[in-house]
Amino acid sequence: MKRKLAFAAIGAALFCAGYVIAQQKAAPEVRRVVTKLDDSGKAVVMLDDRIELSNVRPPNFVANMWVTERSLADFSWTQDRAKTKTGLTPPKGGTVFRIVDFAPEPEGVARMDMNTMQRVVGAADTPAKGLPPRHPMMHRTRTLDYAIVMSGEIDMLLDEGEVHLKAGDVVVQQATNHSWVNRGQEPCRVAFILIESQEP
């Protein structure tokens, strides 16, 4: 019972930290341009807009840029695919393109249960192979992830060791345990493309 109360208290503190950050400035945005072929086969702009990142996982901001529901993707869509409902992982056989602004890590994270983020992923989307998490935000997904650090700096923790990444660095993450930890003073923006994969 004490453990559940402590977990709830930490969760509330993180939520409040995210709320304070959100109150300090407007939610960040990303300009997104989506192209398509018109009826005559000519390349045209389908969408040119700004997507506001929301703070669904305080204190970080996140937004999907595009989602496909299968591979190979077809191009018959006329609606905004970023509005497709999906969890952390893409739809079965699909992909998700997502932008995340990682806030500097709050002190309370270190006291959270080690399986916190792994519970968010859920057993159905987690590969069977993998060691127990060594950081509360450590998780693994049955996906091939391409990550591009757009601004700021961040550390990627693995089962053994960590890698410091800066703007312009890229990561190919193959269904392995990992955690993103921002030890700096400024947010770090990372673009992710997650592709559903087979069991490693």
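This is a predicted model, so every value here is computed, not measured. Heavy atoms only: backbone and side chains are in, while hydrogens, waters and symmetry mates are out. Residue indices begin at 1 and follow the sequence shown.
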Using a strict 4.0 Å threshold on nitrogen-to-oxygen distance, state whether E162 and R183 make a salt bridge.
-> yes
So, do V149 and C188 sit near enough that their side-chain heavy atoms are less than 4.5 Å apart?
-> yes
More than 12 non-hydrogen atoms from neighbouring residues, nucleotides or ligands closer than 6.0 Å to CD on E199, yes or no?
-> yes
In terms of hydrophobic clusters joined by side-chain contacts under 4.5 Å, are V67 and V62 together?
-> yes
Do any N or O atoms from the side chain of N177 and from the backbone of L131 form a donor-acceptor pair under 3.5 angstrom?
-> yes
Donor-acceptor pair, side chain of T126 and main chain of G122, under 3.5 angstrom = yes
Please step through side chain to side chain contact (heavy atoms under 4.5 Å, CB included) for the pair W66 and I193, ending with a clear verdict.
-> CA-CA 9 Å; W66 202 251; I193 296 93; over 6 Å; no
Verify same cluster id: L157, V120 (apolar side-chain graph, 4.5 Å) = no
Hey, any chance V170 and I99 share a hydrophobic cluster, counting ILVMFWY side chains that come within less than 4.5 Å of each other, even indirectly?
-> yes
Could you please spell out the steps behind the side chain to side chain contact (heavy atoms under 4.5 Å, CB included) verdict for M117 and L88?
-> CA-CA 10 Å; M117 191 63 183; L88 186 68; 4.0 Å; yes
Just wondering, do I154 and M156 contact through their side chains at under 4.5 Å, heavy atoms?
-> no
So how far is it from N55 CG to F61 CZ, rounded to the nearest 0.5 Å?
-> 4.5 Å
Do the side chains of L144 and Y146 get nearer than 4.5 Å, heavy atoms only?
-> yes
Answer whether the closest heavy-atom distance between the side chains of V190 and F102 falls below 4.5 Å.
-> yes
CG of D155 to CG of L165, rounded to nearest 0.5 Å, is 7.5 Å
Indicate yes or no: at least one non-hydrogen side-chain atom of L53 is less than 4.5 angstrom from one of R189.
-> yes
Salt-bridge contact E196-R142 (side-chain N to carboxylate O under 4.0 Å) | no
Side chain to side chain, T143 and P90, heavy atoms closer than 4.5 Å | yes
Taking the side chain from E153 and the backbone from A167, do they hold a donor-acceptor pair closer than 3.5 Å?
-> no
CG on D80 to CG on N64, rounded to 0.5 Å | 10.0 Å
Calculate, to the nearest 0.5 Å, the distance between atoms CZ and CG belonging to R50 and L47 respectively.
-> 14.5 Å
Residues two or more places apart in sequence or in another chain: which of them pass ring-ring contact (aromatic ring centres under 6.0 Å, His included) with H178?
-> H139, W180
Shared ILVMFWY cluster between M65 and I148, side chains joined below 4.5 angstrom?
-> yes
Does CD in Q198 sit with more than 12 non-hydrogen atoms of other residues, nucleotides or ligands closer than 6.0 Å?
-> no
Can you see which heavy atom on P104 is nearest to which on P187, and at what distance?
-> CD-N, 4.2 Å
Test side chain to side chain contact (heavy atoms under 4.5 Å, CB included) applied to T35 and M46, step by step | CA-CA 5 Å; T35 65; M46 176 178 159; over 6 Å; no
With no hydrogens and no angle check, do the side chains of T89 and T141 hold a donor and an acceptor under 3.5 Å apart?
-> no
Does D169 reach the main-chain N or O of K166 with its side chain, forming a donor-acceptor pair under 3.5 Å?
-> yes
Going through the checks in order, is the side chain to side chain contact (heavy atoms under 4.5 Å, CB included) test met by F75 and L37?
-> CA-CA 8 Å; F75 304 108; L37 295 173; over 6 Å; no
Donor-acceptor pair, R134 side chain versus L158 backbone, under 3.5 Å?
-> yes
Looking at CZ of R140 and CG of D159, how far apart are the two atoms once the value is rounded to the nearest 0.5 Å?
-> 8.0 Å
Please answer whether the main-chain N or O of Q118 pairs with a side-chain N or O of N115 as donor and acceptor at a distance below 3.5 Å.
-> no
V181 and V100: same hydrophobic cluster, using ILVMFWY side-chain contacts below 4.5 Å?
-> no
What distance separates E105 CD from N60 CG, expressed to the nearest 0.5 Å?
-> 9.5 Å
For R70, salt bridge (Lys or Arg N to Asp or Glu O under 4.0 Å) partners two or more places apart | D74
E69 side chain reached by T84 side chain, heavy atoms, under 4.5 Å = yes
Determine, for R32 against D48, whether the closest basic-nitrogen to carboxylate-oxygen distance falls under 4.0 angstrom.
-> no
Min side-chain heavy-atom separation V121-R119 under 4.5 Å | no
